[in-house]
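Quick caveat: nothing in here was measured; it's all calculated off a predicted structure. Counting from 1, the numbers follow the sequence of the chain as shown.
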Amino acid sequence: MTMGHTMPLNTTAATSNSDTGASADDISLDKDILRSQIRPRRLTARSHRGEHGQQQITDLFTRHVLEAIAQRIHAPGTIAAYLPTKSEPPIIEALTRLHKDGHRILVPVVRPGRKLAWVHWDPAVEHPLSPMGIPEPEGEEQDEQAFVNADVRLIPALAFDAGGHRLGQGGGYYDRIIPLLSAQQLQEQSIGVVFADEIYEAIPYDRWDAILPVVLTEEGIFRTRAGA
């Protein structure tokens, strides 16, 4: 299902001062406030969903991810994705299905200097957890060019706004590598992933923050103004 701007956007307290000439410190504080609202809300929402509700939302994400990939890749290819924490959108089932269909799945591991390396993921292999509680596959590490060269990228976030501005976890990892993508790679092969209530009318952003044209939620695909 592809949607334009019909998806109701979240208009709650995520006011953006970014267009009014606010200082970098003010924008940074606004971002931290929004992060501090979204993170606990994700955990609460997961516990309220219960097992049955979690499976329902997993099924929705699985369906939309598989559809989005099928529209973009017509033969087995390479997908740069990520392994979600318990509170993030559940895409493991989708990645497992894609792996079974012959796609090569690359996921990031955090390296010194706030850099990401990319490692091949196999759902049949147990992976040690990072200090942040995220599975980190071991194996041959590739640099950011592996992310750039992938056929499709699934990119995590805490929130997006209608203009496509992305709010990340605050480490700046993706802000360093998304600018390496061409306009075509961004428009046609890169997809942000959040829950539907995490697409806001406006969020605080810095001019260097990544802007994504396409965002996927449990309700389907949302095209931001950058992708209109």
Side-chain angles (χ1 to χ4, degrees), residues 1 3 7-14 30-69 79-100 105 107-110 116 121-137 153-162 164-171 173-174 191-201 203-204 210 212 214-222 224:
M1 173 169 54
M3 301 184 202
M7 186 185 286
L9 301 181
N10 191 331
T11 55
T12 55
D30 287 345
K31 284 180 172 182
D32 284 342
I33 290 168
L34 184 53
R35 288 186 185 107
S36 72
Q37 293 168 344
I38 293 171
R39 287 182 182 127
R41 193 174 70 211
R42 280 184 165 184
L43 287 165
T44 305
R46 180 181 167 117
S47 63
H48 284 174
R49 278 196 290 271
E51 211 171 305
H52 179 66
Q54 185 65 14
Q55 189 55 53
Q56 282 183 314
I57 212 153
T58 297
D59 292 344
L60 288 169
F61 270 105
T62 302
R63 189 172 96 219
H64 295 313
V65 168
L66 294 179
E67 280 176 5
I69 298 295
I79 299 164
Y82 63 96
L83 300 179
T85 61
K86 280 190 166 63
S87 64
E88 288 183 301
I91 63 166
I92 287 283
E93 207 166 287
L95 297 181
T96 302
R97 292 268 295 278
L98 290 165
H99 182 274
K100 190 177 167 190
I105 312 294
V107 297
V109 293
V110 174
L116 295 178
W121 175 72
D122 183 336
V125 178
E126 280 284 320
H127 303 296
L129 295 182
S130 75
M132 294 169 70
I134 303 168
E136 288 211 335
R153 297 155 211 86
L154 297 175
I155 298 172
L158 280 171
F160 286 94
D161 69 13
H165 297 103
R166 173 184 176 273
L167 180 74
Q169 296 282 0
Y173 298 102
Y174 284 91
I191 304 167
V193 184
V194 289
F195 292 103
D197 65 357
E198 293 165 355
I199 300 181
Y200 292 80
E201 290 280 2
I203 62 172
L212 288 185
V214 179
V215 179
L216 183 146
T217 78
E218 72 274 23
E219 295 181 12
I221 286 283
F222 175 82
T224 69

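Considering only heavy atoms from C-beta on, V110 stays 4.5 Å or farther from S130 through its side chain. With contacts defined as side-chain heavy-atom distances shorter than 4.5 Å, the pair S87/R39 does not qualify. Side-chain atoms of V194 and R42, non-hydrogen and from C-beta on, do get closer than 4.5 Å to each other.
In this structure, the separation between CD1 on I69 and CD1 on I79 is 4.0 Å, given to the nearest 0.5 Å. Here the CD atom belonging to E93 is positioned 5.0 Å from the CD atom belonging to Q55, to the nearest 0.5 angstrom. To the nearest 0.5 angstrom, D161 atom CG is 10.0 Å from L34 atom CG. Here T58 contributes atom OG1 and I91 contributes atom CD1; the two are 11.0 Å apart, rounded to the nearest 0.5 Å. Between the CD1 atom of I105 and the CD1 atom of I92 there is a distance of 10.0 Å, given to the nearest 0.5 Å.
One N or O on the side chain of H64 and one on the backbone of E218 form a donor-acceptor pair closer than 3.5 Å. Listed for the R97 side chain is no donor-acceptor partner under 3.5 Å among the backbone atoms of R63. The main-chain N or O of L212 is found under 3.5 Å from a side-chain atom of T224 such that the two form a donor-acceptor pair.
Between P90 and I57, the closest heavy-atom pair is CG-CG2, 3.8 Å. In terms of heavy-atom proximity, P137 sits nearest to V109 at O-CG1, 3.8 Å. The shortest non-hydrogen separation linking E198 to I38 is OE2-CG2, 3.6 Å. Closest of all the heavy-atom pairs between A159 and Y200 is CB-CE1, 3.8 Å. Minimum heavy-atom separation, A68 to I191: CB-CD1, 3.8 Å. Contact record, P89 with P84: O-CB, 3.6 Å, taken as the closest heavy-atom pair.
For A94, the side chain to side chain contact (heavy atoms under 4.5 Å, CB included) partners two or more places apart in sequence, or in a different chain, are T62, V65. Every salt bridge (Lys or Arg N to Asp or Glu O under 4.0 Å) that D32 has, sequence neighbours left out, goes to R35. Legend: residues meeting salt bridge (Lys or Arg N to Asp or Glu O under 4.0 Å) with R49, ordered by chain and number and at least two apart, are absent. Every ring-ring contact (aromatic ring centres under 6.0 Å, His included) that F195 has, sequence neighbours left out, goes to F61. Partners of P123 according to the side chain to side chain contact (heavy atoms under 4.5 Å, CB included) rule, which considers only residues two or more places apart in sequence or in another chain, are T96, H99, W121. Legend: residues meeting side chain to side chain donor-acceptor pair (under 3.5 Å) with R166, ordered by chain and number and at least two apart, are absent.
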**OP:** Begin with the C-alpha distance, continue with both residues' side-chain angles, and end with the deciding distance and a verdict on side-chain contact (heavy atoms from CB on, under 4.5 Å) for V193 and Y82.
**Re:** CA-CA 10 Å; V193 184; Y82 63 96; 3.5 Å; yes

